[in-house]
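Computed from heavy atoms alone, side chains included, the values below leave out hydrogens, waters and symmetry copies.
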Amino acid sequence: MSSLINVAEGEEQHTPLLHNHNHNAAASTDDIVPPSNGPDSSPPAAPNQRLHSLDVFRGLTVALMILVDDAGGAFPSINHSPWFGVTLADFVMPFFLFGVGVSIALVFKRISNKSIATKKVVLRTFKLFILGLVLQGGYFHGRNDLTYGVDVDKIRWLGVLQRISIGYLLASMAEIWLVNNDFVDSAMAFVKKYYIQWMFAILLCSVYMCLLYGLYIPNWEYEDLSMNLTGYASGTQIVHCEVRGSLEPPCNAVGLIDRVILGEHHLYQHPVYRRTKECSINSPDYGPLPQNAPGWCLAPFDPEGILSSLMAAITCFLGLQFGHILVHFKDQMQRVLLWSMLSFPLLIAGYVLELLGVPFCKPLYTLSYMCITAGASGLFLTIIFYIVDIKHFRKPTMLLEWMGMNALIVYAFAACDLFPAAVQGFYWHSPENNLVDGTESLLQAMIHSEKWGTLVFVLLEILFWSLVAGFLHMKGIYLKL
């Protein structure tokens with residue numbers, strides 16, 4: 001995803017979708033670690049040395065996504081929060097976006113031709129959006145469903161990769177066009193060079209906040225596609241709102257804008273709020289509807305909506321500033337200090353905003369959620385950078401580093417279920433008798449626990465894909481956009 005799929009790599013040269021190269025060539029512009037100076041810093045980095053910590057951060061993000069997606073059903077506490085709140089799964093998307101921002105700063109630290117760079121950014125954005133449309137638009141039906149295909153009248157337009165493409169586009173355009181050509185030799189010069197970018201980010205944030213709290217939400221209706229399964233007497237459900245500034249599931253500006261622009265049939269049809277207490281007797285897990293459940297429980301809602309993607313792009317901009325510190329400050333411990341000085345205030349700001357009434361909400365990507373997750377992203381990258389690139393403890397993180405080097409392959413085949421769905425296509429007599437389900441059932445029987453057997457299966461899945469990524473790395477094969 002750039003953190004996930006390296007979309008930002010290679011501004012100076014066109015990077016084919018799949019290229020074969022040796023280990024030394026594997027590090028493109030965004031992997032360079034500027035040499036360190038100063039008495040307390042590590043030895044100077046060799047030219048074109050790869051930023052190993054960013055690979056580890058990417059790999060950790062992909063591994064975390066596989067864990068929460070595949071084990072979240074067995075352990076609802078690590079699955080996405082039903083609406084308000086933050087769980088382990090809710091840090092995955094911000095980690096992706098933050099890594100994109102860091103990569104962009106390193107790629108575009110020297111731009112020979114702004115027009116050419118812009119064309120390449122637009123092309124990568126388009127390819128990333130289309131890839132997301134193919135993987136998450138509904139064409140592939142995923143594990144346990146040996147079918148494929150989608151009604152184009154109901155295709156889902158937005159998703160994880162599409163959101164990342166939006167953040168990548170906005171942050172890259174800002175890095176190409178909204179930077180002064182000042183030499184950075186002081187903190188004031190740093191501010192002067194990038195203040196226009198910060199103003200643009202503040203503008204995006206202001207537009208989001210004004211629309212979120214200012215738009216009037218009228219009553220609306222939707223077609224209940226699950227009518228026969230839920231017992232509702234009618235196929236059309238009316239949601240009563242007539243409010244302004246609500247952050248509740250049925251009556252918020254994020255959903256309104258998506259319904260108006262995209263249409264209800266093109267939104268995600270299984271939103272996370274179906275796991276709320278109002279909509280599930282098994283909350284915080286999915287389950288049957290309670291008696292007298294509100295009609296909006298079965299309404300579509302896209303967690304990667306248009307308006308929320310504006311705030312999500314701010315996470316890219318914050319990652320961009322961390323990348324700027326890498327570019328302009330050469331002392332390794334100074335980088336750690338500056339990154340920490342940015343990360344902790346973001347964490348504190350997130351908690352303060354939550355106390356002031358701005359709740360953590362990943363589906364709406366609220367300001368408090370953005371602050372706390374961006375702060376956590378920066379803090380984790382700082383810790384990984386210190387361990388891997390300063391202290392050079394690489395062996396314990398090598399599996400994650402391999403996954404980070406080929407994150408796109410792992411994401412597409414594992415996180416999007418392409419590989420397990422393909423393996424399940426070969427079964428014995430009955431579709432349930434396949435290698436994937438059989439292995440998971442065997443582990444559950446050996447451990448005498450369904451949920452812990454599932455966890456072991458998912459951990460083995462992560463290990464498997466890290467080894468696959470390591471094999472591809474040794475062969476010099478990297479899949480990038």
Peer 1: I'd like to know whether Ile257 forms a side chain to side chain contact (heavy atoms under 4.5 Å, CB included) with Leu215, so could you lay out the CA-CA distance, the side-chain angles of the two residues, the decisive distance to 0.1 Å, and finally the verdict.
Peer 2: CA-CA 9 Å; Ile257 291 175; Leu215 276 183; 3.9 Å; yes
Peer 1: Does Met311 reach the side chain of Cys205, with side-chain heavy atoms less than 4.5 Å apart?
Peer 2: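 Sidechains of Cys205 and Met311: in contact.
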Peer 1: Taking the side chain as everything from C-beta on, heavy atoms only, tell me whether Phe108 gets closer than 4.5 Å to Val179.
Peer 2: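 SC-SC contact between Phe108 and Val179 ruled out.
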Peer 1: Taking the side chain as everything from C-beta on, heavy atoms only, tell me whether Ser246 gets closer than 4.5 Å to Ile217.
Peer 2: no
Peer 1: Quick one: do Trp198 and Gln321 satisfy side chain to side chain contact (heavy atoms under 4.5 Å, CB included)? Show the steps, please.
Peer 2: CA-CA 9 Å; Trp198 301 348; Gln321 307 316 310; 2.8 Å; yes
Peer 1: Could you go through the salt bridge (charged side-chain N to carboxylate O under 4.0 Å, His left out) check for Lys362 and Glu304 one step at a time?
Peer 2: CA-CA 9 Å; Lys362 188 263 182 186; Glu304 282 80 39; 3.2 Å; yes
Peer 1: Please assess Glu440 against Thr454 for the test side chain to side chain donor-acceptor pair (under 3.5 Å), listing each intermediate value before the final yes or no.
Peer 2: CA-CA 6 Å; Glu440 184 173 358; Thr454 297; 3.1 Å; yes
Peer 1: A side-chain contact here means heavy atoms from C-beta on lying under 4.5 Å apart; do Trp465 and Leu460 qualify?
Peer 2: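 Trp465 does not reach Leu460 side chain to side chain.
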Peer 1: Flag this pair as yes if the NZ/CZ of Arg275 is under 6.0 angstrom from the six-membered ring centre of Tyr286 and inside a 45 degree cone about the axis; otherwise no.
Peer 2: yes
Peer 1: Between Trp296 and Tyr273 (judged by ring centroids, cut-off 6.0 Å), do the two rings come close enough to count as a pair?
Peer 2: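 Aromatic pair counts; centres sit under 6.0 Å.
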Peer 1: Are the side chain of Gln197 and the backbone of Ala174 linked by a donor-acceptor contact shorter than 3.5 Å?
Peer 2: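 Yes, the answer is positive, given that a donor and an acceptor are paired below the 3.5 Å cut-off.
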Peer 1: So which heavy atom on Ala293 is nearest to which on Glu278, and how close?
Peer 2: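 Smallest interatomic distance, heavy atoms only, reads CB-O, 3.6 Å.
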Peer 1: Between Met370 and Leu367, is any pair of side-chain heavy atoms under 4.5 Å apart?
Peer 2: yes
Peer 1: Going by side chain to side chain contact (heavy atoms under 4.5 Å, CB included), Leu310 matches just one of Leu203, Leu204, Ile166. Which one?
Peer 2: Leu204
Peer 1: Before we go on, tell me: are the rings of Phe464 and Phe419 under 6.0 Å apart, centre to centre?
Peer 2: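 Yes; Phe419 has its ring centre under 6.0 Å from that of Phe464.
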Peer 1: So, do Leu133 and Gln162 sit near enough that their side-chain heavy atoms are less than 4.5 Å apart?
Peer 2: yes
Peer 1: Tyr268 vs His270 aromatic rings, parallel, tilted or perpendicular, using cut-offs 30° and 60°?
Peer 2: perpendicular
Peer 1: Given side chains that start at C-beta, do those of Leu455 and Leu67 come closer than 4.5 Å, heavy atoms only?
Peer 2: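 The answer is yes, as the side chains (C-beta and beyond) meet within the 4.5 Å cut-off.
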Peer 1: Which class fits the ring pair Phe95 and Phe380: parallel under 30°, tilted 30 to 60°, perpendicular over 60°?
Peer 2: tilted
Peer 1: Quick one: does Ile314's side chain get under 4.5 Å of Tyr208's, heavy atoms only?
Peer 2: no
Peer 1: With a 6.0 Å cut-off on ring centres, are Phe301 and Trp83 close enough?
Peer 2: yes
